[in-house]
Structure formats: C-alpha cells, structure tokens
Undergrad: 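Pasting in a structure now, in structure tokens, and then I'll have a few things to ask.
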Amino acid sequence: QHALTLLRAVASALPAANLAAVCEALVRLPGTLGQHPCCAAAFDFLAAHLRREPLEGEAADAVAVSSADLASKLLPLLLQARVTMLNVYYVVAFAQALAGAAAALSARLPPGWAPPGGLPLAEVARQKVAAAKKLLAFFAERDPTVLRGVKKA
C-alpha cells in the first residue's frame, strides 16, 4: 500500500519505460497475491493514471500518447487476467483498469501513432474488442455493486 501511495505521487515524473515496467508488475501482482486489497488498489491506480488529465504546462496530445503507449502494453496482460466474483471491490477496480486501457487506446491520437514494440494496429483493435467483451461479461453478474461499478467503468 505504501508503494502505491508513493507511485501515485511520482508517476507523472517517472520515465515512460520505468513507469511501464512498474505498471506491468502491478498487473501481474494478482498472480502472486490473488484478489488481495492491494491488488485492487493497484488496478485503481492504473485506471486513474490511464485517464489522467494533463498537468499544468503539459500538452494534451502528449498525455494521450503516453496513456495509449502504456495501455498498449497493459491491455494484453489485463486480458489474460482471471477474475472471479469473490471480491467485489477487486472486480470493480479491475473493470475500471480494463476500461481505462481500452479508452486510452480509443482516444483521439495524433496521425501516425503506432503502439510501441511494433504491435500492429489490427491487433490493438482486436484487443479493444476483447476488452469490451470481457467488460460486457460482468453485466451477467447479479450483484448490484458489481453492476454499478462496471457501469461506472
């Protein structure tokens, strides 16, 4: 929890490669800890960071591009994540992170933008569709808290 608090404070100052490595580790955290509350807090951080507004003096296009670059690395990992309905807070946080990644990749990006690592845009489009399907699957859940959280995502 303390590491996430520190990450929230310094994320905008970290180099993109370092932030991406930390965020990838956050997505993999549930593989080690399961649906622990700190994993839900990690997904909360990812969702908020992917939706962040530009800071003073920061160009909106630059924020959109950095969010899309990060999302293109995180979305495949999020799609592989297994989610069960044992912890509603975790499910909602995961849904918000997944929606944030898909939204960042769907934002208006400068012409010529390409995902880092040479990922084809067709694969990005396939991943966005897979994310939408995974999000829609949560609507089959009958728990009203899950439904409210997924709608908000």
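In this chain, numbering begins with 1 at the start of the sequence shown.
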Undergrad: So does Asp69 get a backbone contact from the side chain of Ser72, meaning a donor-acceptor N/O pair under 3.5 Å?
TA: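 Judged by distance alone, yes, a pair lies under 3.5 Å.
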Undergrad: Atom NE2 in His49, atom OG in Ser67: separation rounded to 0.5 Å?
TA: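 Reported to 0.5 Å precision, the distance equals 6.0 Å.
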Undergrad: Measure the CD-CZ distance between Gln80 and Arg28 for me, rounded to the nearest 0.5 Å.
TA: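 Going from CD on Gln80 over to CZ on Arg28, the span is 8.0 Å.
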Undergrad: Rounded at 0.5 Å granularity, tell me how far CG in Leu75 sits from CD in Gln127.
TA: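 Output value for this atom pair is 5.0 Å.
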Undergrad: Does the side chain of Val63 come within less than 4.5 Å of Glu53's, by heavy atoms?
TA: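 No, their side chains stay 4.5 Å or more apart.
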Undergrad: Kindly compute the distance separating CG (Leu6) from CZ (Arg8), expressed to the nearest 0.5 Å.
TA: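 The distance works out to 11.0 Å.
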Undergrad: Do the side chains of Val27 and Tyr89 join up, straight or via other hydrophobic residues, at under 4.5 Å, putting them in one cluster?
TA: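 Val27 and Tyr89: separate clusters.
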Undergrad: Ignoring hydrogens, what is the shortest heavy-atom contact between Pro76 and Ala71? Give both atom names and the distance.
TA: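 So the minimum-distance heavy-atom pair works out to CD-O, 4.4 Å.
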Undergrad: Is there a continuous path of hydrophobic side-chain contacts, each under 4.5 Å between heavy atoms, that joins Val129 to Val124?
TA: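 No.
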Undergrad: For Leu109 and Ala64, work out which heavy atoms get closest and say how close.
TA: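 So the two residues come closest at CD2-O, 3.5 Å.
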Undergrad: Would you indicate whether the side-chain heavy atoms of Leu79 and Leu98 approach each other to under 4.5 Å?
TA: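 Result yes, sub-4.5 Å side-chain heavy-atom pair found.
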Undergrad: Could you pull out the closest heavy-atom pair between Ala102 and Ala131, with the gap in Å?
TA: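 Distance-wise, the nearest heavy atoms are CB-CB, 4.2 Å.
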Undergrad: Specify the closest pair of heavy atoms between Tyr90 and Arg82, including all atoms of both residues, with the distance to one decimal.
TA: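 That would be OH-O, 4.3 Å.
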Undergrad: Give, for atom CG of Leu50 and atom CD of Gln96, the distance between the pair rounded to the nearest 0.5 Å.
TA: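 Nearest 0.5 Å value for the CG-CD distance: 11.5 Å.
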Undergrad: Only counting residues at least two apart or in another chain, list the ones meeting salt bridge (charged side-chain N to carboxylate O under 4.0 Å, His left out) with Arg52.
TA: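 With sequence neighbours excluded, Arg52 shows a salt bridge (charged side-chain N to carboxylate O under 4.0 Å, His left out) to Glu58, given in chain and number order.
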Undergrad: Apply side-chain contact (heavy atoms from CB on, under 4.5 Å) to the pair Cys23 and Lys73, showing each step before the final yes or no.
TA: CA-CA 9 Å; Cys23 290; Lys73 294 176 183 174; over 6 Å; no
Undergrad: Tell me the closest heavy-atom pair linking Ala93 and Asp44, and the distance in Å.
TA: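 Smallest interatomic distance, heavy atoms only, reads CB-OD1, 3.4 Å.
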Undergrad: Considering only heavy atoms from C-beta outward, does the side chain of Leu26 approach that of Leu4 to under 4.5 Å?
TA: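 Counting from C-beta outward, Leu26 and Leu4 do come under 4.5 Å.
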Undergrad: Flag the pair Leu78 / Phe94 as yes when at least one side-chain heavy-atom distance between them is below 4.5 Å, and no otherwise.
TA: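 Yes, side chains in contact.
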Undergrad: With side chains defined as the heavy atoms from C-beta onward, is the minimum distance between Phe43 and Val92 less than 4.5 Å?
TA: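 SC-SC contact between Phe43 and Val92 ruled out.
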Undergrad: Hey, what else clusters with Leu33 if you join Ile, Leu, Val, Met, Phe, Trp, Tyr whenever side-chain heavy atoms sit under 4.5 Å?
TA: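 For the cluster that includes Leu33, the remaining residues are Leu29.
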Undergrad: Assigning hydrophobic clusters by single linkage (Ile, Leu, Val, Met, Phe, Trp, Tyr; side-chain heavy-atom cutoff under 4.5 Å), is Leu14 placed with Leu46?
TA: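 Same cluster.
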Undergrad: Just how far is it from atom CG of Leu7 to atom CZ of Phe45, taken to the nearest 0.5 Å?
TA: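 These two atoms lie 3.5 Å from each other.
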